[in-house]
Protein chains: 2
Amino acid sequence: VVAGVSSRERIVRTGARLFLSTSFHAVGVDEVCRTADVRKGSFYHHFSSKSDLAKAVVDFNVAALDRRWATAPAADGLSTLRWMANQLAVVQVEFEARLGRVVGCPFGNLAVELATADEPVRRHIASAFGYIEHRLVAAVTHAVEDGSVRADIDADVVGHQVLAQFQGLTLLAKVCATPADGIGPALLAFLDEQVAPGRAA
Amino acid sequence: VVAGVSSRERIVRTGARLFLSTSFHAVGVDEVCRTADVRKGSFYHHFSSKSDLAKAVVDFNVAALDRRWATAPAADGLSTLRWMANQLAVVQVEFEARLGRVVGCPFGNLAVELATADEPVRRHIASAFGYIEHRLVAAVTHAVEDGSVRADIDADVVGHQVLAQFQGLTLLAKVCATPADGIGPALLAFLDEQVAPGRAA
């Protein structure tokens with residue numbers, strides 16, 4: 001138990017970690033409560049259900065990504081875009097160090113498990129992906145505007161491609177048990193191919 | 001009950017459909033047996049567990065993809081590669097027509113749900129992905145050899161990228177509830193950017 005952390009936050013952090021380590025369905029409310037050292041009454045004071053906790057875990061991970069992306073070093077548009085994309089992969093390296101293996105994207109995992117099974121949670125995750133994609137599209141737009149990528153790039157298309165490529169690379173690393181530190185270089189190689197300023201349009 | 005179909009095959013087809021419609025964890029052996037119209041004793045005659053059925057479902061889907069890819073029209077390497085990539089997306093359109101929504105990739109779904117929870121199943125799915133990627137890499141190699149894509153393409157890299165992009169696009173379509181017929185064009189646009197023969201190397 002970490003001093004100064006509310007029981008709600010302990011539950012969210014514990015849920016985030018347990019869902020990542022195995023899966024949403026494999027973890028019960030009892031296990032979350034035991035691991036977070038809170039009573040079940042406290043859980044249901046804060047959350048109406050495990051699905052409700054899943055939404056809070058999504059928000060927790062969006063906030064973590066926001067804090068991470070807020071530390072971007074000042075640079076041209078392409079460098080910032082590359083840095084942001086690479087940070088998605090750095091998260092996987094950090095999870096691997098903490099949890100012993102590539103565990104997958106916290107958004108992608110819940111998306112695949114719950115999109116067909118829980119409509120309110122699906123909408124919540126879709127909204128989180130919408131926000132993340134919006135941030136990537138904005139970064140591509142900025143790179144187009146400052147001339148650090150090709151002028152004919154469609155920012156909406158490339159933002160979606162980067163998010164999709166990250167999701168796919170991470171899914172394959174998770175199932176094939178390949179090291180997390182391969183994700184970043186593969187993602188950047190892909191991005192450079194798509195936006196390389198020196199290529200013929 | 002379809003005449004002439006063995007109880008084992010009915011179980012596999014039913015498992016394949018039910019796992020896709022919701023998720024592996026959301027479907028129990030009882031539901032599979034009820035829907036396939038087989039007794040539980042018959043299930044456990046053919047499969048030692050639901051995990052064992054998951055492996056058979058993976059094999060069933062690999063065989064279906066193999067049959068599909070075997071119908072490729074004769075064409076140059078790039079056209080064949082584009083056709084094979086597009087067929088991955090056509091599968092999603094067909095699932096959407098049958099099941100009412102984008103349900104995700106049968107391999108990707110099981111990969112995300114089970115990779116961290118069931119090591120034998122993880123290895124089985126990794127092997128299926130290895131085979132699919134091998135087929136894509138072979139198609140890229142053929143396209144490089146017949147000169148229909150840039151000569152400096154790394155077939156291993158592009159094969160992996162295409163599989164990852166398909167997985168990511170499908171995951172995002174599933175969670176964002178966007179139409180399946182958007183996946184193919186997005187995948188081909190991505191592929192054309194990566195291998196376009198007319199661009200500067």
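Quick note: numbers below take in every heavy atom, side chains included, and nothing from hydrogens, waters or symmetry partners. Residue numbering restarts at 1 for every chain, and letters A, B, ... go by the order of the sequence lines.
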State whether the side chain of [X] and the backbone N or O of [Y] hold a donor-acceptor pair below 3.5 Å, judged by distance alone.
{"X": "A:T141", "Y": "A:V137", "value": "yes"}
{"X": "A:T170", "Y": "A:F166", "value": "yes"}
{"X": "B:N86", "Y": "B:R82", "value": "no"}

Q | Donor + acceptor pair across side chains of A:D52, A:S49 (<3.5 Å) | A |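 Side-chain D/A pair, A:D52 to A:S49: absent.
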Q) Side chains of A:T80 and A:H142: do they bring a donor and an acceptor to under 3.5 Å? A)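 Looking only at side-chain atoms, A:H142 and A:T80 do not form any donor-acceptor pair under 3.5 Å.
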Q: Spell out the residues in residues 89-101 of chain A that have some non-hydrogen atom less than 4.5 Å away from a non-hydrogen atom of chain B, in order of number; otherwise answer 'none'.
A: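 Contacts with chain B: A:R101.
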Q) Any side-chain heavy-atom pair from B:L53 and B:H46 closer than 4.5 angstrom? A)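 The answer is no, as the side chains (C-beta and beyond) never meet within the 4.5 Å cut-off.
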Q: Begin from the C-alpha positions of A:F43 and A:V32 and carry the test side-chain contact (heavy atoms from CB on, under 4.5 Å) through to its verdict.
A: CA-CA 9 Å; A:F43 182 96; A:V32 172; 4.3 Å; yes
Options [options], ranked by heavy-atom pairs under 4.5 Å with chain A, top entry:
{"options": "B:A189, B:A177, B:A115, B:S23", "value": "B:A115"}
{"options": "B:I125, B:V102, B:V112", "value": "B:V112"}
{"options": "B:R122, B:H25, B:H160, B:E113", "value": "B:R122"}
{"options": "B:L114, B:L187, B:T116", "value": "B:T116"}
{"options": "B:L169, B:L110, B:V157", "value": "B:L169"}

Q | Identified ring pair (Phe, Tyr, Trp, His ring centres under 6.0 Å) counterpart of B:F19 within the set B:F60, B:F107, B:F24 | A | B:F24
Give, as side chain, backbone, both or neither, the part of [X] having an atom under 4.5 angstrom from any heavy atom of chain B.
{"X": "A:F190", "result": "both"}
{"X": "A:S21", "result": "backbone"}
{"X": "A:L171", "result": "side chain"}
{"X": "A:L20", "result": "backbone"}

(Q) Working note: A:V158 + A:L191, criterion side-chain contact (heavy atoms from CB on, under 4.5 Å); need CA distance, chi angles, decisive distance, verdict. (A) CA-CA 8 Å; A:V158 172; A:L191 180 59; 4.2 Å; yes
Q) Salt bridge check: are A:D30 and A:K40 linked by an N-O gap of less than 4.0 Å? A) yes
